[in-house]
Amino acid sequence: MKKFLYAAAMAFVAACNNPENNNTPANTTTISPDAPKSIGYSILKTYQHDTSSFTQGLVIYNGNLYEGTGEYGHSNLLKADLSSGKPEKKVPLDPKYFGEGITILRDTVYQLTWQEKVVFAYTLKDFKKVKEFRIETEGWGITTNGQELIVSDGTSNLYYYSPGTFQLLRTQSITEGGSLSYNLNELEYIEGYIYANQWQAPYILKIDPGSGNIIGKIDVTNIWNRVKAKDPVADVPNGIAYDTATKKIFITGKKWPELYEIQLSQ
């Protein structure tokens with residue numbers, strides 16, 4: 001039966017490739033006008049990264065590196081030394097919580113949890129927990145546009161919340177080439193655009209928050225392969241941080257041995 005299906009499939013492919021049966025000109029590729037453009041990058045500098053960190057959120061704020069990590073019993077909110085990757089300050093989460101993305105707005109740190117649907121708010125200076133909020137979706141990635149908090153839940157949606165109350169303001173569907181995207185994960189707001197890791201894929205997506213369209217894709221396959229060659233235990237790419245003062249972009253991944261400063265080709 002398998003041989004019959006294979007033969008039939010090959011006959012169908014041959015028919016499709018026969019110019020007499022195909023009105024499409026040879027060597028012509030149809031590209032959607034809405035398809036995102038490919039964005040290249042170069043590595044400017046490489047830093048050490050703690051391989052025990054299951055990175056879920058990455059932030060540069062006032063020149064300092066902050067990270068939120070996951071896994072039950074190993075989730076933390078931490079401030080790390082950029083040059084060495086070693087933690088300078090760490091607050092562990094209760095083992096019942098799986099930590100997810102973080103962001104900082106007006107000296108308040110917000111940290112998501114995964115399936116527990118709880119958001120923690122801390123003071124930046126001493127990591128003192130000051131509030132807890134409930135949300136209706138899973139928590140994956142979070143960033144801010146300076147006014148609102150923007151959250152992903154692993155679907156094609158982004159959710160906009162009020163920082164003070166975590167009241168849901170609106171939901172936005174994200175599309176690529178006219179179709180809904182998927183697996184939106186760690187987020188970072190950079191110069192008017194939202195950048196998102198796509199879970200289990202080697203892509204960082206550039207999203208126009210006005211339209212919800214993915215307008216660019218960064219393929220970090222080469223970096224991911226480099227990381228896996230150094231440490232086969234390293235997991236997926238996850239972690240985007242932007243230093244608004246220096247305009248530098250940093251990326252890493254879950255349990256990666258390295259963190260990279262990159263420059264995008266715009």
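Owing to the predicted nature of the structure, the values given are computational and were not obtained by experimental measurement.
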Trainee: Look only at the side chain of Thr165 and the backbone of Gln167, and say whether a donor-acceptor pair between them is shorter than 3.5 Å.
Mentor: yes
Trainee: Quick one: which residue pairs count as a salt bridge (Lys or Arg N to Asp or Glu O under 4.0 Å) with a foot in residues 222-242, not counting sequence neighbours?
Mentor: Arg226-Glu258, Lys230-Glu258
Trainee: Show the numbers, then the answer: is there a side chain to side chain donor-acceptor pair (under 3.5 Å) between Asn213 and Thr175?
Mentor: CA-CA 5 Å; Asn213 294 332; Thr175 59; 2.8 Å; yes
Trainee: Of all the heavy-atom pairs spanning Tyr260 and Ile223, show the shortest one and how long it is.
Mentor: CE1-CG2, 3.4 Å
Trainee: Can you find a heavy atom in the side chain of Pro237 that is under 4.5 Å from one in the side chain of Ile251?
Mentor: no
Trainee: Please step through side-chain contact (heavy atoms from CB on, under 4.5 Å) for the pair Ser173 and Leu180, ending with a clear verdict.
Mentor: CA-CA 7 Å; Ser173 296; Leu180 289 175; 3.9 Å; yes
Trainee: Can you tell me how far CG of Asn197 sits from CG of Asn185, rounded to the nearest 0.5 angstrom?
Mentor: 6.0 Å
Trainee: Spell out, yes or no, whether Ile190 and Leu58 are grouped together once hydrophobic residues are joined by side-chain heavy atoms under 4.5 Å, including indirect joins.
Mentor: no
Trainee: When rounded to the nearest 0.5 angstrom, what is the spacing between CD in Glu138 and OG in Ser152?
Mentor: 10.5 Å
Trainee: Search all heavy atoms of Ala196 against all heavy atoms of Ile207 and return the closest pair with its distance.
Mentor: CB-CD1, 4.1 Å
Trainee: For atom CD of Gln115, decide whether the heavy atoms of other residues, nucleotides or ligands shown that lie under 6.0 angstrom number more than 12.
Mentor: yes
Trainee: So which heavy atom on Pro163 is nearest to which on Leu149, and how close?
Mentor: CA-CD1, 3.8 Å
Trainee: Taking the hydrophobic residues Ile, Leu, Val, Met, Phe, Trp and Tyr, and joining any pair whose side-chain heavy atoms are under 4.5 Å apart, which ones share a cluster with Val233?
Mentor: none
Trainee: Which heavy atom in Leu78 sits nearest to a heavy atom in Ala80, and how many Å separate them?
Mentor: CD1-CB, 3.8 Å
Trainee: Measure the CD1-OG1 distance between Ile240 and Thr143 for me, rounded to the nearest 0.5 Å.
Mentor: 9.0 Å
Trainee: Only pairs at least two apart or in different chains count here, so list each salt bridge (Lys or Arg N to Asp or Glu O under 4.0 Å) that has a residue in residues 178-191.
Mentor: Glu191-Lys247
Trainee: Evaluate Ile150 against Thr144 for side-chain contact (heavy atoms from CB on, under 4.5 Å), listing each step before the verdict.
Mentor: CA-CA 6 Å; Ile150 307 167; Thr144 177; over 6 Å; no
Trainee: Do Tyr195 and Leu44 share a hydrophobic cluster (ILVMFWY, side-chain heavy atoms under 4.5 Å, transitive)?
Mentor: no
Trainee: Please, which pairs that meet side-chain hydrogen bond (donor to acceptor under 3.5 Å, both in side chains) have at least one residue in residues 78-89, sequence neighbours excluded?
Mentor: Asp81-Ser83, Asp81-Ser84
Trainee: Throw together a table of side-chain donor-acceptor distances under 3.5 angstrom for residues 101-109, partners on residues two or more places apart or in other chains.
Mentor:
| unit_1 | atom_1 | unit_2 | atom_2 | d |
| --- | --- | --- | --- | --- |
| Arg106 | NH2 | Gly146 | O | 3.3 |
| Asp107 | OD1 | Tyr61 | OH | 2.8 |

Trainee: Does Ile43 belong to the same Ile/Leu/Val/Met/Phe/Trp/Tyr cluster as Ile218, with side-chain heavy atoms less than 4.5 Å apart forming each link?
Mentor: yes
Trainee: Which value, rounded to the nearest 0.5 Å, describes the distance between Ser162 atom OG and Leu169 atom CG?
Mentor: 5.5 Å
Trainee: Do any pairs count as a ring pair (Phe, Tyr, Trp, His ring centres under 6.0 Å) and have a residue in residues 142-165, sequence neighbours left out, and if so which ones?
Mentor: Tyr161-Phe166
Trainee: Suppose the criterion is ring pair (Phe, Tyr, Trp, His ring centres under 6.0 Å): which pairs have a residue in residues 198-217, not counting sequence neighbours?
Mentor: Trp140-Trp199
Trainee: Apply side-chain contact (heavy atoms from CB on, under 4.5 Å) to residues Asn64 and Ile60 and explain how you reach the verdict.
Mentor: CA-CA 5 Å; Asn64 296 310; Ile60 297 284; over 6 Å; no
Trainee: Cluster question for you: counting only ILVMFWY and a side-chain heavy-atom cut-off of under 4.5 Å, with indirect links fine, are Val59 and Leu77 together?
Mentor: yes
Trainee: Pairs in or reaching into residues 47-58: which pass side-chain hydrogen bond (donor to acceptor under 3.5 Å, both in side chains), with residues at least two apart or in two chains?
Mentor: His49-Thr55, His49-Glu67, Asp50-Ser52, Thr55-Glu67, Gln56-Glu100, Gln56-Asn238, Gln56-Lys254
Trainee: When you measure from the side chain of Glu132 to the backbone N and O of Val118, does any donor-acceptor pair fall under 3.5 Å?
Mentor: no
Trainee: Considering non-hydrogen atoms only, spot the tightest contact between Tyr110 and Ile142 and give its length.
Mentor: CB-CD1, 4.1 Å
Trainee: Could you note down all residue pairs passing ring pair (Phe, Tyr, Trp, His ring centres under 6.0 Å) where residues 78-104 supplies at least one of them, sequence neighbours left out?
Mentor: Tyr72-Phe98, Tyr97-Phe120, Phe98-Trp114
Trainee: Report yes or no: does Thr123 contribute a side-chain atom to a donor-acceptor pair with the main-chain N or O of Lys125 at less than 3.5 Å?
Mentor: no
Trainee: Between Ile39 and Ser265, what is the shortest heavy-atom contact and its length?
Mentor: CG2-O, 3.4 Å
Trainee: Quick one: salt bridge (charged side-chain N to carboxylate O under 4.0 Å, His left out) partners of Arg170, sequence neighbours excluded?
Mentor: Glu148
Trainee: Measuring from Ser42:OG to Ile262:CD1, what's the distance to the nearest 0.5 Å?
Mentor: 8.0 Å
Trainee: Would you call Ile174 and Asn157 a side-chain contact if the rule is heavy atoms closer than 4.5 Å?
Mentor: no
Trainee: Between Ser75 (side chain only) and Leu93 (backbone N and O only), is there a donor and an acceptor less than 3.5 Å apart?
Mentor: no
Trainee: Evaluate side-chain contact (heavy atoms from CB on, under 4.5 Å) for Ile194 paired with Leu158, printing each intermediate quantity in order.
Mentor: CA-CA 10 Å; Ile194 300 169; Leu158 292 180; 3.8 Å; yes
Trainee: Do Leu187 and Ile215 land in one hydrophobic cluster if side-chain heavy atoms of ILVMFWY residues count as linked below 4.5 Å?
Mentor: no
Trainee: Quick one: ring-ring contact (aromatic ring centres under 6.0 Å, His included) partners of Tyr193, sequence neighbours excluded?
Mentor: none
Trainee: In Å, rounded to the nearest 0.5 Å, how long is the span from CD of Glu116 to NZ of Lys96?
Mentor: 9.0 Å
Trainee: Taking the side chain as C-beta and beyond, is there a heavy-atom pair between Asn76 and Val91 under 4.5 Å?
Mentor: no
Trainee: Evaluate the side-chain proximity of Glu176 to Pro36: yes if any heavy-atom separation is below 4.5 Å, no if none is.
Mentor: yes
Trainee: Quick one: which residue pairs count as a salt bridge (Lys or Arg N to Asp or Glu O under 4.0 Å) with a foot in residues 236-245, not counting sequence neighbours?
Mentor: none
Trainee: Is the closest side-chain donor-acceptor distance between Gln111 and Tyr122 under 3.5 Å?
Mentor: yes
Trainee: Between Ser156 and Tyr182, is there a side-chain heavy-atom distance shorter than 4.5 Å?
Mentor: no
